[in-house]
Amino acid sequence: MLRNRPGLSFIGNYFWTDQNLTLSDRPYRSVISGTGMAFPYMEAVVGFMILMYIFETYLDVRQHAALKLPTLPKTLEGVISQEKFEKSRAYSIDKSNFHFISQFVTIVMDSAILLYGVLPWFWKKSGNILESTGLDAENEIYHTLAFLAGVMIWSQITDLPFSLYSTFVIEERHGFNKQTIWLFFRDMIKGLILAIVIGPPIVSAIILIVQKGGPYLAIYLWGFMFVLSIIMMTIYPVLIAPLFNKFTPLPDGELRTKIETLASSLNFPLKKLFVVDGSTRSSHSNAYMYGFFKNKRIVLYDTLIQQCKNVEEVVAVIAHELGHWKLNHTMYSFIAVQVLTLFQFGGYTLVKNSKDLFMSFGFDTQPVLIGLILFQHTIIPIQHLVSFGLNLVSRAFEFQADAFAKNLGYSKPLRDGLVKLQEENLSAMNTDPWYSVYHYSHPPLVERLAAIDGADKKAD
């Protein structure tokens with residue numbers, strides 16, 4: 001239903017409409033509690049959402065103006081070809097135009113969902129559907145799963161036009177899309193099946209924990225999510241990712257030898273080295289690593305190998321990734337997420353029994369899942385601040401990983417590799433500084449090259 005809201009991806013996009021829903025059917029939202037008016041949670045949330053939309057649209061306008069600049073930044077003159085710059089500019093402007101439309105639709109739909117009481121209406125409708133099939137609507141787990149099932153189906157349907165346009169118009173127009181319409185829908189169906197298999201046990205467990213958690217509820221919820229995250233990080237690359245992509249061992253040769261030598265020199269416990277067929281879906285490139293303790297694996301997109309003809313450039317990219325490991329960036333990020341998760345659950349325990357909160361959004365009952373959703377709404381301002389802070393930390397980590405690769409002797413190949421990836425992915429060459437600081441978790445190419453070059457000059 002709600003699109004792109006922190007912590008709400010599991011309930012999907014947009015909302016369910018009914019032409020027979022009249023004003024008299026909508027839940028009463030002005031709540032009187034005790035001797036005075038209760039805090040208008042829902043109105044405050046909608047107001048903040050609109051303010052953030054206005055602010056982020058202002059940043060988008062600034063970025064759009066930067067994307068339309070007809071010349072390269074001075075740092076990239078003579079580095080990026082004019083042909084690549086023009087292609088990058090056209091691609092970025094197309095994505096920016098589409099972004100304006102999708103974000104406008106998002107804020108209109110999100111606001112309508114809350115202002116017209118669509119969530120409580122849909123909750124009641126899902127209970128009615130359960131009763132019509134002979135199931136017990138009073139069973140909160142059944143009721144919640146019915147609610148999520150309906151929302152998931154509706155979300156897929158309403159989000160489909162945006163996904164299709166992005167993939168088969170924008171990405172296709174600029175030469176990135178490599179997947180067929182059949183592969184697109186096959187991936188979507190696989191995703192739905194995985195959600196049906198994995199989702200119900202997780203949702204049921206959360207409901208039971210909240211119902212029986214007592215005074216240590218926040219710790220129990222955090223412990224459950226911690227174990228779940230470990231399990232998912234373990235099984236995803238082994239069982240889930242292969243459902244969508246083919247992973248094959250990197251063939252013997254110069255590239256494999258150099259990566260293994262680099263990993264060994266850093267005492268990185270590399271167990272497997274894979275190539276993934278990313279080119280079956282897109283010509284965008286990437287590389288990543290995963291695994292716990294002494295069982296690490298590195299995955300290279302086949303497009304990365306194709307785009308970086310020089311083996312040293314690929315190795316330099318891997319050196320950057322190994323820098324994140326060596327400098328404990330992954331561990332720091334994981335710990336930060338766990339701490340934030342514990343704080344969020346702690347906050348949830350303070351409001352989970354608040355009738356005013358539920359009634360403000362139109363609910364006359366207090367289901368566990370709905371409580372979590374409403375709580376996520378109320379802390380959206382905090383989540384924006386946290387997200388901004390994490391982006392700043394992530395950017396600092398990227399500079400540190402670049403410096404790590406440079407100190408290993410990969411200054412020039414890293415520089416060349418970053419330029420090549422920027423060109424081949426048609427990434428934005430001109431970026432607005434305000435937009436970049438607010439949105440980007442990675443520094444723009446201009447800043448990364450300046451940092452590498454600056455470090456080289458200091459060394460000289």
Side-chain angles (χ1 to χ4, degrees), residues 1-18 21 27 109-110 113-114 117-160 187-213 217 220-229 231-232 235-236 239-240 243 341 344-345 348-349 351-353 357-358 361-377:
M1 285 189 179
L2 298 183
R3 306 182 71 224
N4 303 322
R5 294 294 165 210
L8 297 175
S9 59
F10 61 91
I11 68 168
N13 307 324
Y14 301 112
F15 63 99
W16 196 292
T17 59
D18 187 342
L21 181 65
M109 292 296 186
D110 286 0
I113 289 170
L114 297 180
V118 177
L119 285 178
W121 173 82
F122 192 73
W123 175 262
K124 290 180 180 178
K125 285 293 183 182
S126 60
N128 294 338
I129 293 173
L130 274 181
E131 291 176 347
S132 68
T133 59
L135 295 175
D136 182 12
E138 296 300 316
N139 184 308
E140 187 172 341
I141 291 178
Y142 288 167
H143 198 157
T144 300
L145 293 179
F147 173 81
L148 289 179
V151 172
M152 180 177 68
I153 294 172
W154 182 252
S155 300
Q156 289 291 333
I157 294 172
T158 53
D159 193 48
L160 188 59
D187 284 349
M188 186 177 73
I189 292 170
K190 286 181 181 179
L192 287 172
I193 293 173
L194 282 172
I196 293 171
V197 172
I198 297 174
I202 296 174
V203 172
S204 301
I206 290 174
I207 292 173
L208 291 174
I209 291 171
V210 172
Q211 290 175 341
K212 302 178 183 299
L217 172 60
Y220 294 148
L221 281 173
W222 170 80
F224 172 73
M225 295 305 296
F226 175 79
V227 173
L228 179 64
S229 64
I231 292 174
M232 291 305 297
I235 69 172
Y236 177 82
L239 299 178
I240 298 177
L243 296 175
T341 301
Q344 283 202 348
F345 284 136
Y348 164 69
T349 62
V351 300
K352 73 182 184 71
N353 295 320
L357 175 63
F358 283 85
F361 284 90
F363 287 90
D364 52 14
T365 59
Q366 297 177 240
V368 170
L369 177 77
I370 298 302
L372 286 167
I373 293 173
L374 299 186
F375 174 69
Q376 291 292 322
H377 274 75

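Numbering starts at 1 and runs along the sequence shown.
To the nearest 0.5 Å, atom CG of residue Leu135 and atom NE2 of residue His143 are 11.5 Å apart. Within the model, atoms NZ of Lys352 and CG of Leu374 stand 14.0 Å from one another, a figure rounded to the nearest 0.5 Å. Atom CE of Met152 and atom CD1 of Ile157 lie 10.5 Å apart (nearest 0.5 Å). To the nearest 0.5 angstrom, Met188 atom CE is 6.0 Å from Leu192 atom CG. Rounding to the nearest 0.5 Å gives a distance of 7.0 Å between CG of Asp110 and NE2 of His377. Note that the OG1 atom of Thr158 and the CD1 atom of Ile153 stand 11.5 Å from one another [nearest 0.5 Å].
Side-chain contact check for Phe147 versus Ile129: every heavy-atom pair is 4.5 Å or farther apart. Here the side chains of Leu160 and Gln156 are not in contact, with every heavy-atom distance at 4.5 Å or above. Put simply, the side chain of Leu369 reaches to within 4.5 Å of the side chain of Leu148, judged on heavy atoms. Contact annotation: the side chain of Ile373 never approaches that of Phe361 to less than 4.5 Å [non-hydrogen atoms, C-beta and beyond]. Residues Leu357 and Gln366 have side chains not in contact (no heavy-atom distance under 4.5 Å, counting atoms from C-beta outward). A 4.5 Å side-chain heavy-atom check between Leu228 and Ile202 finds at least one atom pair inside the cut-off. Between Leu217 and Val210, the closest side-chain pair of non-hydrogen atoms falls below 4.5 Å. Considering only heavy atoms from C-beta on, Trp123 comes within 4.5 Å of Thr144 through its side chain.
Ring planes of Phe363 and Phe358: perpendicular class, angle over 60° (limits at 30 and 60°).
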* To do: Output, in order, the C-alpha distance, side-chain angles, deciding distance and verdict of side-chain contact (heavy atoms from CB on, under 4.5 Å) for Leu372 and Ile206.
  => CA-CA 10 Å; Leu372 286 167; Ile206 290 174; 3.8 Å; yes

Discussion item. Evaluate Leu221 against Thr341 for side-chain contact (heavy atoms from CB on, under 4.5 Å), listing each step before the verdict.
Written reply: CA-CA 9 Å; Leu221 281 173; Thr341 301; over 6 Å; no

Step-by-step side-chain contact (heavy atoms from CB on, under 4.5 Å) determination, Ile370 to Leu119
CA-CA 9 Å; Ile370 298 302; Leu119 285 178; 5.7 Å; no

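Between the side chain of Lys190 and the backbone N or O of Leu243, at least one donor-acceptor pair lies under 3.5 Å. Checking side-chain atoms of Glu140 against main-chain N and O of Val368 turns up a donor-acceptor pair under 3.5 Å.
Of all heavy-atom pairs spanning Leu145 and Ser204, the tightest one is CD1-OG, 4.3 Å. When all heavy atoms of Ala137 and Gly127 are compared, the pair lying nearest together is CB-O, 3.6 Å. In terms of heavy-atom proximity, Thr133 sits nearest to Leu130 at OG1-O, 2.7 Å. Residues Pro120 and Gly362 approach most closely at CB-O, 3.4 Å, considering heavy atoms.
Ring centers of Phe345 and Trp222: at least 6.0 Å apart, outside the cut-off.
Partners of Asp136 by salt bridge (Lys or Arg N to Asp or Glu O under 4.0 Å), not counting sequence neighbours: none found. With sequence neighbours excluded, the residues that form a side chain to side chain contact (heavy atoms under 4.5 Å, CB included) with Ile231 are Val227, Ile235.
Heavy-atom neighbours of Tyr142 OH from other residues, nucleotides or ligands within 6.0 Å: at or below the threshold of 12.
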